Amino acid sequence: IAPRIFDYATPTLGLGYTYSDVINDSSRGTETLINPTFKLTRVINDGLRANLKFDYMKNTSGSDSFAYSKFTTAFGLEW
């Protein structure tokens with residue numbers, strides 16, 4: 001649980017790292033995926049929360065056709 005550093009929202013940070021050796025396709029080589037995330041959560045009332053999430057993914061591969069990066073932004077409500 002992240003501390004509330006803002007009066008209006010609670011921040012949450014995350015980091016994912018995946019390292020894989022592709023067995024079925026040796027031309028792809030070893031792939032790594034780095035995925036940092038940042039989420040702001042605000043309690044609207046009892047049981048209702050609003051979330052704003054930012055995700056970044058960067059995949060590296062031995063083959064350039066499988067390397068990519070992606071940025072997503074999401075807004076959601078939780079009851």
Side-chain angles (χ1 to χ4, degrees):
I1 299 174
R4 283 182 70 137
I5 60 171
F6 304 115
D7 282 341
Y8 56 90
T10 303
T12 306
L13 295 173
L15 178 65
Y17 179 79
T18 306
Y19 177 85
S20 61
D21 188 10
V22 182
I23 296 171
N24 298 335
D25 190 356
S26 61
S27 66
R28 289 172 63 172
T30 302
E31 293 190 356
T32 58
L33 175 68
I34 298 172
N35 179 221
T37 62
F38 176 72
K39 181 170 80 168
L40 286 174
T41 302
R42 179 183 172 136
V43 176
I44 297 172
N45 62 25
D46 268 352
L48 183 61
R49 292 184 292 187
N51 295 316
L52 182 60
K53 185 176 180 183
F54 304 96
D55 258 338
Y56 178 74
M57 293 179 157
K58 181 165 177 73
N59 189 61
T60 58
S61 175
S63 173
D64 288 339
S65 61
F66 290 99
Y68 65 90
S69 62
K70 178 172 87 168
F71 180 76
T72 56
T73 305
F75 174 78
L77 295 173
E78 293 180 15
W79 184 261

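Treat the numbers as computed from the prediction; the structure is a model and nothing was measured.
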Name every donor-acceptor pair, under 3.5 Å, that has one atom in a side chain of residues 40-54 and the other anywhere in the protein, sequence neighbours excluded.
{"unit_1": "Thr41", "atom_1": "OG1", "unit_2": "Asn51", "atom_2": "OD1", "d": "2.8"}
{"unit_1": "Arg49", "atom_1": "NE", "unit_2": "Glu78", "atom_2": "OE1", "d": "3.4"}
{"unit_1": "Arg49", "atom_1": "NH2", "unit_2": "Glu78", "atom_2": "OE1", "d": "2.6"}
{"unit_1": "Asn51", "atom_1": "ND2", "unit_2": "Glu78", "atom_2": "OE2", "d": "2.6"}

- Could you give the distance from OH (Tyr17) to CG (Asn35), rounded to the nearest 0.5 Å? 13.0 Å

- Task: Decide if atom CZ of Phe71 counts as having more than 12 heavy atoms of other residues, nucleotides or ligands within a radius under 6.0 Å.
- Result: yes

- Flag yes if more than 12 heavy atoms outside Asp21 fall under 6.0 Å of its CG atom; otherwise flag no.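 Enclosed.
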
Using distance only, find each side-chain donor-acceptor pair of residues 55-63 under 3.5 Å and give its atom names and separation, not counting sequence neighbours.
{"unit_1": "Asn59", "atom_1": "ND2", "unit_2": "Phe66", "atom_2": "O", "d": "3.0"}
{"unit_1": "Thr60", "atom_1": "OG1", "unit_2": "Thr32", "atom_2": "OG1", "d": "2.4"}
{"unit_1": "Ser61", "atom_1": "OG", "unit_2": "Arg28", "atom_2": "O", "d": "3.0"}
{"unit_1": "Ser61", "atom_1": "OG", "unit_2": "Glu31", "atom_2": "OE2", "d": "3.2"}
{"unit_1": "Ser61", "atom_1": "OG", "unit_2": "Ser63", "atom_2": "N", "d": "3.3"}
{"unit_1": "Ser63", "atom_1": "OG", "unit_2": "Ser65", "atom_2": "OG", "d": "3.1"}

